[in-house]
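Structure record follows, encoded as structure tokens.
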Amino acid sequence: MKLKGLRWWVVGLIALATVINYIDRQSLSVLWPEIAADLYPDKSADEHKSIYAIISIIFVFSYAFGQAIFGKIFDWVGTRLGFVLSIGFWSIATALHALARGVLSFGVFRAILGIAEAGNWPGATKGNAEWFPTKERALAQGIFNSGAAIGGIISIPLIAFLTIYFSWQAIFILVGLAGLLWLVPWMILVKAPPKSHPWITDEEKEYILTGQRNESFKEKDNSEEEVYVPNTGELLSHKQSWGVIIASAAIDPIWWLFVFWIPIYLNEVYGMDVKSIGIYGWVPYVGAMLGAWFGGLLAQNRLKAGWTVNRTRKLVITLGCLIMLPSLLAMANPGAPVTAVLIMAVILFGFQTAIGNVQTLPSDFFSGKTVGTLAGFSGMAAKLGAVGLTSLVPWLTSGGNYTPAFIIGAALAIIALASVWVLCGKIVPLKKK
């Protein structure tokens with residue numbers, strides 16, 4: 001049996017895994033007002049926020065190290081088995097949240113969840129490099145990333161709706177089961193890489209493999225393609241690697257600022273309960289979804305028009321950061337809740353426009369197993385940056401004033417932009433020093 005467009009089926013499944021990933025991680029933030037009222041009825045709103053921040057920091061810290069761990073795991077065991085391990089463990093960890101009774105138990109289950117969920121992005125980056133030619137990678141990464149936005153769009157109203165019929169404990173169990181069901185089509189469809197997959201057509205196989213051969217790796221005498229696959233020490237000796245790592249560490253906390261705090265922000269600033277949050281909280285993720293598609297399509301369009309990878313990546317990343325900057329500053333005084341969530345949608349549009357192209361940089365600079373390793377390191381740095389900002393939010397927003405947090409977000413966008421232009425330099429495949 002041959003299946004046309006197999007690579008798009010694969011990217012669709014990974015995008016679906018990303019949807020489930022975000023439903024899992026968003027469950028806690030949406031349910032937190034109910035959980036806090038149930039477990040900590042005698043504590044104040046600021047105390048609830050501090051407890052939530054501690055649990056969130058544990059999650060992101062675990063997620064950070066999980067990125068480095070799973071980057072290596074995906075390089076060792078391959079994309080197919082790597083996703084089985086990642087989504088299998090994170091789904092079980094989500095269901096275990098139903099047993100949590102305090103900071104310690106929530107912290108343990110969030111740590112397991114963080115480590116396992118971290119595999120999604122190194123896996124997606126590796127799957128992208130494996131299943132797509134260079135000119136389609138930004139679009140594929142945009143599709144992966146749109147799964148995060150769709151997960152955000154779905155999760156907030158879905159979980160708010162489920163609270164009408166189920167306890168918060170039962171909701172965690174239901175969400176965990178969804179991830180285990182995903183494993184069935186994944187194991188059936190993704191039998192092997194494109195080079196040896198029994199269902200791929202000859203035309204698609206040739207299209208993928210030919211499009212992955214980079215002329216920059218060939219010697220001038222047209223000798224056999226020579227691929228540079230450095231060890232970890234050599235990888236970190238390149239300033240371009242640090243450009244990717246620092247850009248990721250700066251830009252990613254902007255995303256997490258909204259992922260963690262949108263429901264809490266709406267509850268604290270506008271006095272919304274879980275059901276009201278379900279009405280407003282999904283709007284920013286529509287902007288994120290559109291940005292993921294826009295960034296991927298724009299990059300693909302420019303590459304097809306003959307632009308270099310260097311010019312294309314810098315254009316799209318710069319555009320995304322410039323969209324975020326004024327919008328983050330505008331959040332200092334957004335006015336009505338509708339205006340606030342619409343500004344957030346613009347911010348997340350800009351973020352997703354940029355981030356898909358930032359995440360393709362490892363495969364632009366390197367090939368082979370190095371892609372997963374650098375993606376893992378940059379992902380770990382991104383989550384450590386998110387840990388830093390998350391730990392500051394309760395202090396920065398004491399009394400319900402979120403302006404300082406948004407100003408820091410604007411500064412981080414500038415740092416990310418500088419890292420791409422200064423440290424990454426010309427975005428071309430690297431050779432051994």
Side-chain angles (χ1 to χ4, degrees), residues 9-35 38-39 55-56 58-59 62-63 66 70 73-74 77 79-102 105-121 123-124 127 144 146-190 259-260 263 274-275 277-278 281-282 285:
W9 287 91
V10 173
V11 74
L13 265 181
I14 298 176
L16 178 58
T18 308
V19 171
I20 296 169
N21 184 295
Y22 263 79
I23 293 174
D24 285 14
R25 73 178 61 179
Q26 283 285 85
S27 298
L28 180 66
S29 64
V30 179
L31 292 170
W32 185 249
E34 289 202 357
I35 294 170
D38 183 19
L39 300 182
I55 297 170
S56 299
I58 292 170
F59 171 81
S62 303
Y63 196 103
F70 265 100
I73 288 174
F74 271 90
V77 305
T79 307
R80 184 176 190 252
L81 184 55
F83 268 109
V84 171
L85 293 172
S86 179
I87 197 167
F89 276 105
W90 97 48
S91 299
I92 293 169
T94 300
L96 288 173
H97 280 54
L99 303 177
R101 291 297 176 268
S105 50
F106 266 120
V108 170
F109 299 142
R110 293 305 278 183
I112 299 170
L113 179 70
I115 291 171
E117 278 198 345
N120 193 71
W121 266 264
F144 298 148
S146 71
I150 294 168
I153 293 169
I154 292 172
S155 63
I156 294 178
L158 172 64
I159 294 164
F161 174 76
L162 290 175
T163 60
I164 299 172
Y165 301 100
F166 300 100
S167 66
W168 62 264
Q169 293 93 337
I171 292 170
F172 280 120
I173 294 171
L174 291 172
V175 173
L177 288 174
L180 295 176
L181 290 175
W182 177 90
L183 293 173
V184 177
W186 176 258
M187 291 297 290
I188 293 171
L189 186 68
V190 186
V259 169
F260 281 151
V274 171
K275 295 176 183 62
I277 290 168
W282 59 273
Y285 292 99

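Note that the structure is a prediction, hence the values are computed from the model and not measured.
- Counting heavy atoms from C-beta outward, Ile154 and Tyr22 have side chains that stay 4.5 Å or more apart.
- Atoms CD1 and CG, from Ile171 and Leu162 in turn, are 5.0 Å apart once rounded to the nearest 0.5 Å.
- Pairing each heavy atom of Glu34 with each of Val274, the nearest pair is CG-CG2, 3.8 Å.
- Note that the OG atom of Ser62 and the CD atom of Glu117 stand 11.0 Å from one another [nearest 0.5 Å].
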Before giving the answer on side-chain contact (heavy atoms from CB on, under 4.5 Å), spell out for Val190 and Phe83 the whole-Å C-alpha distance, their side-chain angles and the decisive distance to 0.1 Å. CA-CA 10 Å; Val190 186; Phe83 268 109; over 6 Å; no
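- Nearest heavy atoms, Gly102 versus Leu39: N-CD1, 4.4 Å.
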Under the side-chain contact (heavy atoms from CB on, under 4.5 Å) criterion, do Leu28 and Phe59 qualify, and how do the steps go? CA-CA 11 Å; Leu28 180 66; Phe59 171 81; over 6 Å; no
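- Put simply, the side chain of Ile159 does not reach to within 4.5 Å of the side chain of Trp168, judged on heavy atoms.
- Between the side chain of Trp282 and the backbone N or O of Leu158 there is no donor-acceptor pair closer than 3.5 Å.
- When all heavy atoms of Gln26 and Tyr285 are compared, the pair lying nearest together is NE2-OH, 3.0 Å.
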Please test His97 against Leu113 for side-chain contact (heavy atoms from CB on, under 4.5 Å), starting from the C-alpha separation and ending with a verdict. CA-CA 10 Å; His97 280 54; Leu113 179 70; 4.1 Å; yes
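- Applying the salt bridge (charged side-chain N to carboxylate O under 4.0 Å, His left out) rule to pairs touching residues 169-178 yields nothing, sequence neighbours excluded.
- Using a 4.5 Å cut-off on side-chain heavy atoms (C-beta onward), Ile35 and Phe106 make contact.
- The line from CG of Asn21 to CH2 of Trp182 is 10.5 Å long, rounded to the nearest 0.5 Å.
- Interatomic distance, Leu16 CG to Ile150 CD1, rounded to the nearest 0.5 Å: 9.5 Å.
- Of the inter-residue distances, the one linking Ile92 atom CD1 with Leu177 atom CG reads 10.5 Å to the nearest 0.5 angstrom.
- The shortest side-chain heavy-atom distance between Phe109 and Ile55 does not fall under the 4.5 Å cut-off.
- Ser86 places no side-chain N or O within 3.5 Å of a backbone atom of Gly82 that could act as its donor or acceptor partner.
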Determine, step by step, whether Ile20 and Trp90 satisfy the side-chain contact (heavy atoms from CB on, under 4.5 Å) criterion, reporting the C-alpha distance in whole Å, the side-chain angles of both residues, the deciding distance to 0.1 Å, and the verdict. CA-CA 10 Å; Ile20 296 169; Trp90 97 48; 4.2 Å; yes
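- Taking every heavy atom of both residues into account, Ile156 and Ile277 meet most closely at CG2-O, 3.5 Å.
- For the pair Leu81/Phe74, no side-chain contact is recorded, criterion being any heavy-atom separation below 4.5 Å from C-beta on.
- Within the structure, salt bridge (charged side-chain N to carboxylate O under 4.0 Å, His left out) contacts touching residues 155-183 (residues at least two apart or in different chains) do not occur.
- Counted by atom type alone, Ser91 and Asp24 present zero donor-acceptor pairs between their side chains at under 3.5 Å.
- Nearest heavy atoms, Val30 versus Ala160: CG1-N, 4.4 Å.
- A donor-acceptor distance shorter than 3.5 angstrom exists from the side chain of Trp186 to the backbone of Arg80, with no hydrogens or angles considered.
- Put simply, the side chain of Gln169 reaches to within 4.5 Å of the side chain of Asp38, judged on heavy atoms.
- Contact detail for Ala100 and Ser105: the closest heavy-atom pair is CA-OG, 3.4 Å.
- Of the inter-residue distances, the one linking Leu96 atom CG with Ile173 atom CD1 reads 9.0 Å to the nearest 0.5 angstrom.
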